[in-house]
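Ligands are counted one by one from 1 in listed order, and the atoms in each one are counted from 1 as well. Basis for what follows: all heavy atoms, side chains included, without hydrogens, waters or symmetry-related copies.
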Amino acid sequence: DVVWFPRHLSELDLIANRTLDAGADLESDHPGFNDQVYRQRRAELATVAQEYVWDQPIPRIDYTKDEVDTWGAVWDRMEDLLDKHACAEYKKSFVSMKEHCGYGRERIPQQQDITDYLLTKTGFRMRPVAGLLSSRDFLNGLAFRTFFSTQYIRHHSMPLYTPEPDICHELLGHAPMFADQDFADFSQEIGLASLGASDEDVQQLAWCYWHSVEFGLCREGNENKAYGAGLLSSFGELEYACADYRPAGGTEDRPEIKPWDPAVAGKQEFPITTYQPIYFLADSLNDAKSKMRAFTESLQKPFMSRYNENDNSIWID
Ligand code: H2B
Ligand code: FE
């Protein structure tokens with residue numbers, strides 16, 4: 001007996017609101033905890049996500065001046081670093097998305113415009129979500145080439161810090177990567193494997209996701225470049241993970257780099273509040289994908305799932 005899982009894109013409506021937190025009740029150490037205006041805005045955007053239905057246009061958010069300023073502050077810190085350390089696939093998409101999806105330092109792009117663009121490139125789409133989902137629900141979305149994405153922004157008092165995913169992370173970190181075919185296929189591969197998987201396998205897939213989609217590195221010439229969104233949206237950690245300086249004396253802590261291997265990554269624990277002590281390095285995004293496919297095929301599951309892009313449904317055999 002296999003656990004229930006969504007079989008059609010419309011059934012993502014059934015999992016999208018199973019958030020682990022309501023998306024609006026902030027922890028007492030959240031930078032916006034004492035800001036009633038911010039909390040009111042979070043509640044408003046949570047409602048937008050909760051009311052979203054799969055076949056409707058994604059509501060456009062009218063971002064305030066404060067919100068756009070926060071976005072701009074992150075943009076200013078990231079721009080040069082991304083140029084130095086982001087992988088070529090990211091940079092190519094980012095240039096194109098500035099032109100086609102409304103990315104700019106004074107403009108926050110809208111999920112619907114990004115979706116329209118991604119659909120033409122790789123068939124990926126965004127879908128609003130109010131807060132964190134379980135690993136299973138979140139990964140199940142990827143099977144439908146759907147990325148659950150928040151619509152709120154971090155608190156303006158700390159533009160370079162966020163304790164949770166926000167639009168700077170989703171739109172600057174994740175979205176451009178989904179315009180790359182290999183990366184899109186790679187992500188969907190994890191999603192398909194998560195459908196009806198055992199809890200143990202879902203955890204392995206979630207850890208693979210962490211060490212790749214969030215913190216993955218790939219080789220380019222003789223340099224390590226970032227393709228993981230946790231790096232692409234964090235100015236401190238991007239430099240930490242990619243800069244190849246080795247201080248004389250060798251006293252400074254440097255992360256360990258391991259070759260990308262899903263069987264290892266799926267069992268590799270990680271901290272969530274500090275820089276990663278270990279990064280996984282793929283030869284290329286194509287290599288990341290083929291290793292992931294070999295790994296998912298090795299998992300014990302009584303069926304294989306595939307996605308039919310014509311009718312947005314899963315078929316299994
Ligand atoms: N939920 C949401 N809304 N966004 C995420 O980025 C996210 C999530 N990441 N749930 C998941 C968990 C990730 O940490 C893995 C798959 O567990
Ligand atoms: Fe993320």
Visitor: What part of Val129, side chain, backbone, both or neither, has a heavy atom within less than 4.0 angstrom of ligand 1?
Guide: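 It is the side chain that gets close, since no backbone atom is under 4.0 Å.
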
Visitor: Just how far is it from atom CH2 of Trp210 to atom CG of Leu205, taken to the nearest 0.5 Å?
Guide: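 If we round to the nearest 0.5 Å, Trp210:CH2 and Leu205:CG are 16.0 Å apart.
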
Visitor: So which of Trp207, Phe138, Phe147, Phe148 gets nearest to atom 2 (C) of ligand 1, if we judge by its closest heavy atom?
Guide: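 It is Phe138 that holds the nearest heavy atom.
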
Visitor: Would you check if the side chain of Arg18 reaches a backbone N or O of Ser134 as a donor-acceptor pair within less than 3.5 Å?
Guide: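 Not a single qualifying donor-acceptor pair exists.
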
Visitor: Any N/O of Ser135 closer than 3.5 Å to an N/O of ligand 1?
Guide: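 Yes: some nitrogen or oxygen of Ser135 is under 3.5 Å from one in ligand 1.
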
Visitor: Give me the nearest non-hydrogen protein atom to atom 14 (O) of ligand 1 as residue plus atom name, then the distance to 0.1 Å.
Guide: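 Sorting protein heavy atoms by distance from atom 14 (O) of ligand 1 puts Trp210 CE3, 4.5 Å first.
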
Visitor: Any cation-pi pair here, Arg77 with Phe235, using under 6.0 Å and within 45°?
Guide: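 Yes, Arg77 sits over the ring of Phe235.
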
Visitor: Any idea which protein heavy atom is nearest atom 10 (N) of ligand 1, and the distance to it?
Guide: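 Nearest neighbour among protein heavy atoms for atom 10 (N) of ligand 1, to 0.1 Å: Leu133 O, 2.8 Å.
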
Visitor: Decide if atom NZ of Lys92 counts as having more than 12 heavy atoms of other residues, nucleotides or ligands within a radius under 6.0 Å.
Guide: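 Open: at most 12 neighbouring heavy atoms sit under 6.0 Å from NZ of Lys92.
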
Visitor: Which pair of non-hydrogen atoms, one from Ser187 and one from Leu142, has the smallest distance, and what is that distance?
Guide: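 Taking every non-hydrogen atom into account, O-CB, 3.6 Å.
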
Visitor: Taking only non-hydrogen atoms of Gly131, do any sit less than 4.0 angstrom from ligand 1?
Guide: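 Yes, Gly131 has a heavy atom closer than 4.0 Å to ligand 1.
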
Visitor: Which atoms of ligand 1 have any heavy atom of Leu139 under 4.0 Å away?
Guide: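 Contacts of ligand 1 toward Leu139, numbered from 1: 16 (C).
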
Visitor: Which atom, among the N/O/S set of Glu214, is closest to the Fe ion (ligand 2)?
Guide: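 Sorting the N, O and S atoms of Glu214 by distance to the Fe ion (ligand 2) puts OE2 first.
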
Visitor: Is the ring centre of Phe124 less than 6.0 Å from the ring centre of Phe147?
Guide: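 Between Phe124 and Phe147, the centre distance exceeds or equals 6.0 Å.
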
